[in-house]
*Asks:* 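Structure provided below as structure tokens; questions to follow.
We count ligands from 1, going down the list as the structure has it; atoms in each ligand are counted the same way.
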Amino acid sequence: MAGRAAAKVPIARVGQALSRVGTPALVLDLDAFDQNARSLVHQMQVFEKRGPNGKTVALRPHAKAHKCSALALRQMDLLGSAAVGLGCQTLAEAEILASAGLKDLTITNEVVPIDKVQRLAKLAKTEGLALGVCVDSAVNVRQISKELQAVGATIKVLVECNVGQNRCGVETAEEAVELAKVVKAFDGVLDFDGYQAYHGAIQHVRGEAERSAECRKVAEKVVAINAAFDTAGIKCNTVTGGGTGTFLFDAGSGLYTEVQPGSYFFGDVDYGKNDWGRSKGWTQSLLVAATVISRNPSRRTVVVDAGLKAVDLGSGPPLVLGEEQWSFANGGDEHGVVTVPEGDLPEVGERMYLIPSHVDPTFNMHRQLVCVRGEVVEDVLEIDASGPGF
Ligand code: PLP
Ligand code: MN
């Protein structure tokens, strides 16, 4: 396929200087990435975040952030025993990560319709793979059990509970128990594992106290769900949730067995607007390298070759690294217009590095990730699951 081959034209070579990498390019600063991984382990272990099982709360980094199996492997290496596996949001992500050798994957989402359930069943057959999936309807549970039975595989099943986001998930604790009973009716094929209580909408509540208060509201719902499961005599091995904005509070509640930060490894402008209080936050590791292709001194603007196909603008404009006064405006698909209010305008051909406003959709636009250590390219990774998922 010509299109695919063209995409494989490398934008960088190992050993090349960062300043020579083709643009626009998605760049990962490996020192910062490694540091973020260490910081996560530190926050889980040193602060003794313990779950209901008495163990340190496990990390399940969410691969939806990067959609790159090579980075997922790197995360597992860096986190060691602090991580149980990866989260995936789409079936395709899980298939691609499994084929790269990841051994523990939870699809934190519903897998529908039947064709995908059949793929899920095939994936569940993968030797040595512990696979989990979320459900919020009995019809989906029955489909999954039927297709798994047909291929002779088993899968871990988590009931997704709506704890405030009003997205997927059963509404009440009683419904969670009812659905768990449906799952348990297929014991031997479906392995009921617990539930997901993730509230994405509160990740970006800016104030630390306000975000913590929102987490307490979620925790109250989790307590009620636990009580309903206790009454029904159903044991939950896993309670999962928690993104970059809330994982410390969720882990600190003593109610979760694992948390799923994704963006934390990279950082973005939107999360940068959160007040992190006493927690350390992250070091910015993800950047989009761009080149000035045009300049207009009378308007005090330059145009860079990174537009809305290279950096997500849905959560606001990116920032220019090291230039707090400069502002980026949408110049179209392949153009960004940067205003430089004072001082020298960059010359045509000069570089700048953009801090994306939102990690996930930015990764999703790229097929190659240029990993640098200092100013030198150490690796070029294929973002092999990029695309909306199928
Ligand atoms: N878990 C689930 C279910 C999510 O939907 C997301 C992101 O949307 C995450 C974890 C990770 O969130 P973040 O990248 O903000 O840490
Ligand atoms: Mn996101």
Side-chain angles (χ1 to χ4, degrees), residues 33 36-37 39-40 43-44 57-68 71-72 75 79 83-91 93-94 97 105-111 132-136 158-170 194-206 211 214-215 218 222 238-251 256-274 276 279 281-282 284-286 311-316 318 355-365 385-386 388-389:
F33 178 78
N36 294 341
S39 159
L40 272 176
Q43 294 184 58
M44 286 298 120
V57 180
L59 292 163
R60 182 177 290 283
H62 213 299
K64 77 186 280 292
H66 54 70
K67 295 169 88 80
C68 171
L71 265 195
Q75 286 176 311
L79 299 171
V84 278
L86 274 293
C88 295
Q89 199 79 306
T90 70
L91 178 59
E93 287 168 11
L97 264 59
L105 302 171
T106 297
I107 303 174
T108 61
N109 205 354
E110 284 65 25
V111 174
V133 67
C134 281
V135 296
D136 73 356
L158 296 132
V159 169
E160 179 159 19
C161 298
N162 177 15
V163 288
Q165 184 165 18
N166 301 333
R167 189 167 68 177
C168 297
V170 297
Y195 62 95
Q196 172 161 272
Y198 175 77
H199 190 336
I202 62 174
Q203 303 300 319
H204 289 92
V205 170
R206 299 300 180 208
R211 211 162 56 255
E214 292 298 329
C215 288
V218 171
V222 172
T238 300
V239 180
T240 189
T244 296
T246 66
F247 76 91
L248 264 188
F249 302 122
D250 297 328
Y256 287 78
T257 59
E258 57 175 51
V259 288
Q260 310 171 3
S263 303
Y264 190 94
F265 291 83
F266 311 101
D268 60 27
V269 176
D270 201 1
Y271 268 127
K273 291 177 184 161
N274 277 14
W276 293 92
S279 64
W282 71 86
Q284 187 65 38
S285 69
L286 190 71
V311 62
D312 178 61
L313 303 179
S315 301
I355 303 174
S357 61
H358 190 177
V359 167
D360 316 51
T362 301
F363 259 105
N364 198 41
M365 292 175 194
S386 73

*Asks:* Say whether Thr108, considering both its backbone and side-chain N or O atoms, lies within less than 3.5 Å of an N or O atom on ligand 1.
*Replies:* no
*Asks:* What's the atom name of the N, O or S in Asp360 nearest to the Mn ion (ligand 2)?
*Replies:* OD1
*Asks:* So which protein heavy atom does atom 11 (C) of ligand 1 come closest to, and at what separation?
*Replies:* Gln260 O, 3.5 Å
*Asks:* Against ligand 1, does Tyr198 come closer than 4.0 Å with any heavy atom?
*Replies:* yes
*Asks:* Is it the side chain, the backbone, both or neither of His358 that has a heavy atom closer than 4.0 Å to ligand 1?
*Replies:* neither
*Asks:* Return the orientation label for the Trp276 and Tyr271 ring planes: parallel under 30°, perpendicular over 60°, tilted otherwise.
*Replies:* tilted
*Asks:* Kindly indicate, with the supporting measurements, whether the criterion side-chain contact (heavy atoms from CB on, under 4.5 Å) is fulfilled by Tyr264 and Val359.
*Replies:* CA-CA 9 Å; Tyr264 190 94; Val359 167; over 6 Å; no
*Asks:* Number the atoms of ligand 1 from 1 as they appear, then name those within less than 4.0 Å of a heavy atom of Arg167, with their elements.
*Replies:* 5 (O)
*Asks:* Could you go through Thr240 and Gln260, starting from their C-alpha distance and side-chain angles, then the distance that decides it, and tell me whether this counts as side chain to side chain donor-acceptor pair (under 3.5 Å)?
*Replies:* CA-CA 7 Å; Thr240 189; Gln260 310 171 3; 2.7 Å; yes
*Asks:* Output the distance between atom CG (Asp136) and atom CD (Gln196), rounded to the nearest 0.5 Å.
*Replies:* 10.5 Å
*Asks:* Within the 3.5 Å criterion, strictly below it, is a donor on His199 or Thr246 matched to an acceptor on the partner's side chain?
*Replies:* no
*Asks:* Around atom 5 (O) of ligand 1, find the nearest protein heavy atom and jot down its residue, atom name and distance.
*Replies:* Gln89 NE2, 2.8 Å
*Asks:* Would Tyr271 count as being in polar contact with ligand 1, using the rule that some N or O on each side must be under 3.5 angstrom apart?
*Replies:* yes
*Asks:* Is the gap between the ring centers of Phe247 and Tyr256 under 6.0 Å?
*Replies:* no
*Asks:* Between Ser263 and ligand 1, which residue portion shows a heavy-atom distance shorter than 4.0 Å: side chain, backbone, both, or neither?
*Replies:* both
*Asks:* Going by the angle between their ring planes, with limits at 30° and 60°, are Phe266 and Phe363 parallel, tilted or perpendicular?
*Replies:* perpendicular
*Asks:* Kindly confirm or rule out an N or O of Gly262 lying under 3.5 angstrom from an N or O of ligand 1.
*Replies:* yes
*Asks:* What protein heavy atom lies closest to atom 16 (O) of ligand 1? Include the residue and the distance to one decimal.
*Replies:* Thr244 OG1, 2.5 Å
*Asks:* May I ask you to decide if Asp312's main-chain N or O and Thr362's side chain share a donor-acceptor pair within less than 3.5 Å?
*Replies:* yes
*Asks:* What's the shortest distance from atom 7 (C) of ligand 1 to any protein heavy atom, and which residue and atom give it?
*Replies:* Lys64 NZ, 3.2 Å
*Asks:* Might you work through the side chain to side chain donor-acceptor pair (under 3.5 Å) test for Asn364 and Asp360, ending with a clear yes or no?
*Replies:* CA-CA 6 Å; Asn364 198 41; Asp360 316 51; over 6 Å; no
*Asks:* Assess Pro261 for proximity to ligand 1: is some non-hydrogen atom of it under 4.0 Å away?
*Replies:* yes
